[in-house]
Structure formats: structure tokens, C-alpha cells
Amino acid sequence: MKSKLALSLLFAICAGIPAFSQTCTDKSDKVCPDPIVTKVYERKDVDNLTAAELQSFRNGVKAMMDLSAKDSKDPRGWNYQAFIHGLPKVVKESLDLYECCQHSTWYFLSWHRMELYYFERILRAQAKDPNLTVPYWNFTTDPGKDVPEKRKMPASFRTATYIDDTKKEVPNPLYSTHRRAGINDTKDAKAKPICIKITEWQTAYGKAPFSVAGEDGSISFGGSSALGVHHGINATESGATESQPHNAIHEVVGIPGDDQSLASADGAGLDPAFWPFHANLDRLFGCWQQSHNFLDPAKNPELKKLLDSKWGTTKFFFFDVDDTNAKGWKKVCLTGKQLIQTASQLGYKYTDCYPFPLNKTPGQKDDSSLDQALSAAVVPRMVVSTALRFPPELGDEPVTITMDLPSDVQQRIHGLLTNELPDGSVILHLEDIHMNQPVATLYEVYLDLPDRPVLDWRGRYYVGLLNFFGIGQHHHHADGDLPLSTAGGRSFDITEVVRRLAANNEWRADKLAITFAVVQNEPDEDCVKPAAPGPDAHIGFTEMSLSVITGNTILK
């Protein structure tokens, strides 16, 4: 379970202390006007843009960058828009709406949808193209028909120059040098795809409900309501999609310790790839909504409760274009209630949902509809847990940590395996992760590996990827330069792994062994993955715990 220290810290991953601009949101009675929708724009796969559409997108990005160079305090400029998300330490002043990003809370998906919406409107105005939209980078390929090229940084983003309409070679505004080796094309080598285990999306997409209440550690699609704005500190406040593929891709594209790269939440928005990357995550969210009937509150009790909660009513502020005044912009606000149906409420849609299924994800339990759960007898939520304090540090070599399971935990897991108890979850928590330097590596996590195992992320022992996005970065005070190292946590739902092992007579009831191994090479593909942390890196966590949750975990 979460430590009291972790719950009290609430240090911001996106910035320093104070982490949250006071104007990012407020509790006033101010009403956020609904956006005016005059047409429905279509966001397309970046690889399917016409030459004219791609050039218009480049023009808009360059215009925003030029505006930043001319006036750093114009909120329509490229840097200012990036700083709304987070603030690199090279920036010494804090302006209105700086450092407003929402990570590790249930606002993650809604806030980034808002951010992308207003960024797109500014981009369209700066490009002087009334039809321009932000394209999406479809790295989420169909596992049955995988196309490695789609897992590469889009071709239009990975070259330093391009040939313009006049046949001249000019600098490419979509290119960034703040990317890991292998992501961009170079004169010596072409870009490589990101390893497919890092772009894996099916686990998150199959998660339901959208959110859970309380602090018991349940993992949902969108995050926990346990904490509010601005940041949770443990991953149990994070939704499944934020953890994977979001965090993992941030780490593999960016450069460790570079706070102007995707590896750092502080400067991620400076990389032009940030926006198509997040457009695809927003597309995943929208397709999940369709798949889980999460569009009409009159037909979905969970959605109605969500929209009536703080998720639906909390106001977040942004800047929008405004042709009626000399400045050309205005400050606006938006709530979760105003973005559920993107076509009718925000005026945009995506070309399609491929490869996201629009029916129940194969192999996943259908708990997306709460009608049956709400009509069934309420089963009190019960949690039993055990913890191991100060487990060994992680390093270059695989580390296995063994935990004895007390009788009450054994009994609860047995009840889940035999269906004697209500549906529940077995959750592994890593509390208060700390490190002595920025780390952008990933560890494969396995449960109860046999002797002399072959580490295979497609096998029955695989739990998931441990990422460190936003943890252990040295941030700075918005009004100074005070460094600090933030703590944080990560959580994994290991229920299905336990079931697989039990079905294969490999589940040891009295203990479990968790193995952490730096991301392995793919045997049949040369792909981009994070490097090992290095001999001088010290990665540890204060506590490893296991929780068994049974009963009703519906949002209250």
C-alpha cells in the first residue's frame, strides 16, 4: 500500500515547487463557455498527409517557433505552448499558465486532450490554413499485422532538412536533435523502429472502468480519483494508458538527463514529435470510449458519475486564438464535461480507430459496462497486503526479489483463483522509487521465473515494463534554482499472470519472486530500446508491497 510519505509529498513531475501555477485552474463559479463548433476537422495519420497538408503543418510549426523568437511572452509561440506542459531548468521566469500539465492523476487524458485542442487552433491560425489539423503518429500497430515502419519516428520528423516547394533544401522544423540515437535518420544510418514491447497498447486498452475511487491501488484505464490536481506521486493514481505506452515511449525517444527532450516531462513539448505522439494517445482514448460505450452519460452510469465529479467539473485554463482583439489571443477554460464527444463538442475526429478494436478487446473480461455491477448486491471492498522494506537496488544485471506471503494474503489469492471471492485484483507496488541521477531506462518485470529462464516478454511470466518517466529528475523552483530529486512509485496488476501460473501449476502460494531485468534485445529485430542505467546509477525503492483487492471498486 502507499506510504504516508508518498501521499504527502505530491512533488510535481512536470516542474519544481511550487509545481502548479495558481491560474492553471480555480474553484470559482466562473462558467467555461462551450467551444463553438462550425465544422468537424479530421485528424489524419501523419504518414497519410498529402504533400500540401504536410507543408502546411511545417509552416504552422515554423511560424510558432518564429513567434517565440520574436516575443517569448506571446502565448501563441512554440516555446510558450511547450512551457504550459512543463518548464526546462534553463528557463528562469515563470509566466501565466506555465507548468500546468496533469500526470499521474485521473486528469491525464482529459487535460492533454484540452492542451492538444487549443494548440491545434493556434497552429491553424499561425499557418493561415483554415483546414489544418495536428496529425497522429500511429505507433500502435496491429500485433497480428505488425508494420515496423510505423514504430519508427515518422519520416517527415527524422531528417534535419527537407526539399521545399522551390526545390531548395531547407531546415526541417519538425526535426529535433534531442532524441535518442537510432530515432532520427543520419548520414550514416536510417532510423530504427521502437521495440514492439515498448509500443504495446493492448493491456491498457482492455482496462475498465475508466476510474476507481479510493487509495487501495486498483489500476483503471484513466486513473484514480484518490488525489486531485496537479500530480499524484504513485502510479496507482495513473491510468494504465499513461504508464504504457505513454511513459515508456517518452523514455525511449528522449535522451536521459536532457530536459528539452521527450525523456523529461519538463521540456517534452519542445520536440515537435510530442504533438502527433499525444494525438495518437488521444485517438486511443477516443476509440476506448467507443469500445466501452463511454460517450453518452444517459446510457452509461459510470460516465454520468464521472462527469458529475471533479473530473467533469474542474476548470483548466489555456490560451485560444481571438481575432477580435489586437493581441490575437485570449485566456479560456474548459472542463471534462465539455470534451467527451470530440466531434460535437470540440469539432474534430480521427480518420479511423485502426488497430484499436471497437468491440470488447479479445481476451479481456467485459467489465466496461457497470449496469450489472450497479444492479448486483454491493460487496464491500476489502484489501489485504504485505510489504518488504528496503529491497535490493536495481542495476545492469537482473535482480530477483523474493517476498513471503502471509496466510491472509494466501487465502485471498486462493479465493480469487477458485472464484470463491468476488472479482478482484492482485497488485504489485513499488513505493518511493529514488535514484541518484536521471534515468531513462526500462526494466522488464517477471513473476516467479523458473531456474535458468529465457527472458521472454511474450511468455506467461511477464508482468510489464518498469519505467521512470518523471521520477528522480532534478527540478527547480519556479522562482529560483533549488534542485531536488522527486520520489515516486509504480504499480502493476499481476492478476492474470498469477492465474496463468496457477493454471500451469507454477503458482507458489506462500511466496513470490519478482525479477527486474533491463529491457532485452529482440531476437529477430534491430530496434530502439533504452540502454542500461550504467555502473554509477543507484536505483532503489523504499518498499515493495502486494495488495489483494476484492469487492466493489466502482467510482463513488
Side-chain angles (χ1 to χ4, degrees), residues 30-46 48-50 52-54 56-57 59-61 63-64 75-76 81 84-85 97 102 107-138 274-291 293-298 303 306-307 311-325 328-354 356 358:
K30 176 181 173 63
V31 176
C32 301
D34 291 331
I36 298 174
V37 176
T38 58
K39 66 178 291 187
V40 178
Y41 295 89
E42 183 177 84
R43 293 178 180 170
K44 300 172 63 173
D45 186 323
V46 65
N48 295 336
L49 296 179
T50 66
E53 289 169 336
L54 177 58
S56 181
F57 183 66
N59 293 344
V61 170
M64 291 179 68
R76 298 168 300 172
Q81 285 293 302
I84 290 175
H85 186 271
L97 299 192
Q102 299 296 304
Y107 297 111
F108 169 76
L109 288 167
S110 59
W111 187 89
H112 284 81
R113 176 171 284 184
M114 298 176 194
E115 177 193 35
L116 191 61
Y117 169 72
Y118 288 112
F119 171 86
E120 182 177 69
R121 287 175 55 80
I122 292 170
L123 180 77
R124 185 179 299 138
Q126 291 296 302
K128 296 181 172 56
D129 179 353
N131 297 311
L132 177 61
T133 59
V134 174
Y136 61 88
W137 169 22
N138 188 15
F274 172 90
W275 305 96
F277 167 47
H278 274 272
N280 197 44
L281 294 172
D282 181 63
R283 186 174 72 100
L284 184 152
F285 177 26
C287 297
W288 182 92
Q289 290 181 259
Q290 296 180 55
S291 175
N293 303 312
F294 209 71
L295 294 167
D296 185 352
L303 177 58
L306 185 72
L307 298 185
W311 189 94
T313 60
T314 297
K315 299 182 288 292
F316 291 102
F317 288 89
F318 295 87
F319 296 106
D320 194 11
V321 293
D322 184 4
D323 295 332
T324 65
N325 66 51
W329 56 268
K330 61 184 178 182
K331 192 172 179 179
V332 295
C333 65
L334 204 63
T335 67
K337 284 186 175 181
Q338 297 170 294
L339 52 70
I340 287 297
Q341 299 186 26
T342 62
S344 61
Q345 292 181 298
L346 299 179
Y348 76 86
K349 64 180 182 178
Y350 290 96
T351 303
D352 57 50
C353 276
Y354 182 81
F356 311 127
L358 293 183

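- Thr342 places no side-chain N or O within 3.5 Å of a backbone atom of Gly347 that could act as its donor or acceptor partner.
- Ring geometry, Tyr348 versus Tyr350: the interplanar angle exceeds 60°, so the pair is classed perpendicular (tilted spans 30 to 60°).
- Considering only heavy atoms from C-beta on, Val61 comes within 4.5 Å of Leu123 through its side chain.
- The main-chain N or O of Trp137 is found under 3.5 Å from a side-chain atom of Asn280 such that the two form a donor-acceptor pair.
- Under a 3.5 Å cut-off, the side chain of Arg124 and the backbone N or O of Val134 do not form any donor-acceptor pair.
- In this structure, CZ in Phe285 is found 7.0 Å from OG in Ser110, a value given to the nearest 0.5 Å.
- Residues Lys128 and Asn59 bring no donor and acceptor atom of their side chains to less than 3.5 Å of each other.
- Using bins of under 30°, 30° to 60° and over 60° for the plane-to-plane angle, the ring pair His112/His85 lands in the perpendicular bin.
- Taking CD from Gln81 and CG from Leu97, the interatomic distance works out to 9.5 Å, rounded to the nearest 0.5 Å.
- Distance check, rounded to the nearest 0.5 Å: CD1 of Ile84 to OH of Tyr118 gives 11.5 Å.
- More than 12 heavy atoms of other residues, nucleotides or ligands sit less than 6.0 Å from atom NZ of Lys337.
- Atom CD of Gln338 and atom NZ of Lys315 lie 10.0 Å apart (nearest 0.5 Å).
- Atom CG of Asp323 has 12 or fewer neighbouring heavy atoms from other residues, nucleotides or ligands inside a 6.0 Å radius.
- Put simply, OH on Tyr41 and OG1 on Thr133 are 9.5 Å apart, with the number rounded to the nearest 0.5 Å.
- Side-chain contact between Asn48 and Thr351 is absent, with no heavy atoms from C-beta onward closer than 4.5 Å.
- For the atom pair CZ of Phe57 and NZ of Lys44, the computed distance is 13.5 Å after rounding to the nearest 0.5 Å.
- Because its NZ or CZ atom is not both nearer than 6.0 Å to the ring centre of Phe318 and within 45° of the ring axis, Arg121 does not count as a cation-pi partner of that residue.
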For the pair Trp329 and Ile122, evaluate side chain to side chain contact (heavy atoms under 4.5 Å, CB included) and give the outcome as yes or no after the intermediate values.
-> CA-CA 9 Å; Trp329 56 268; Ile122 292 170; over 6 Å; no
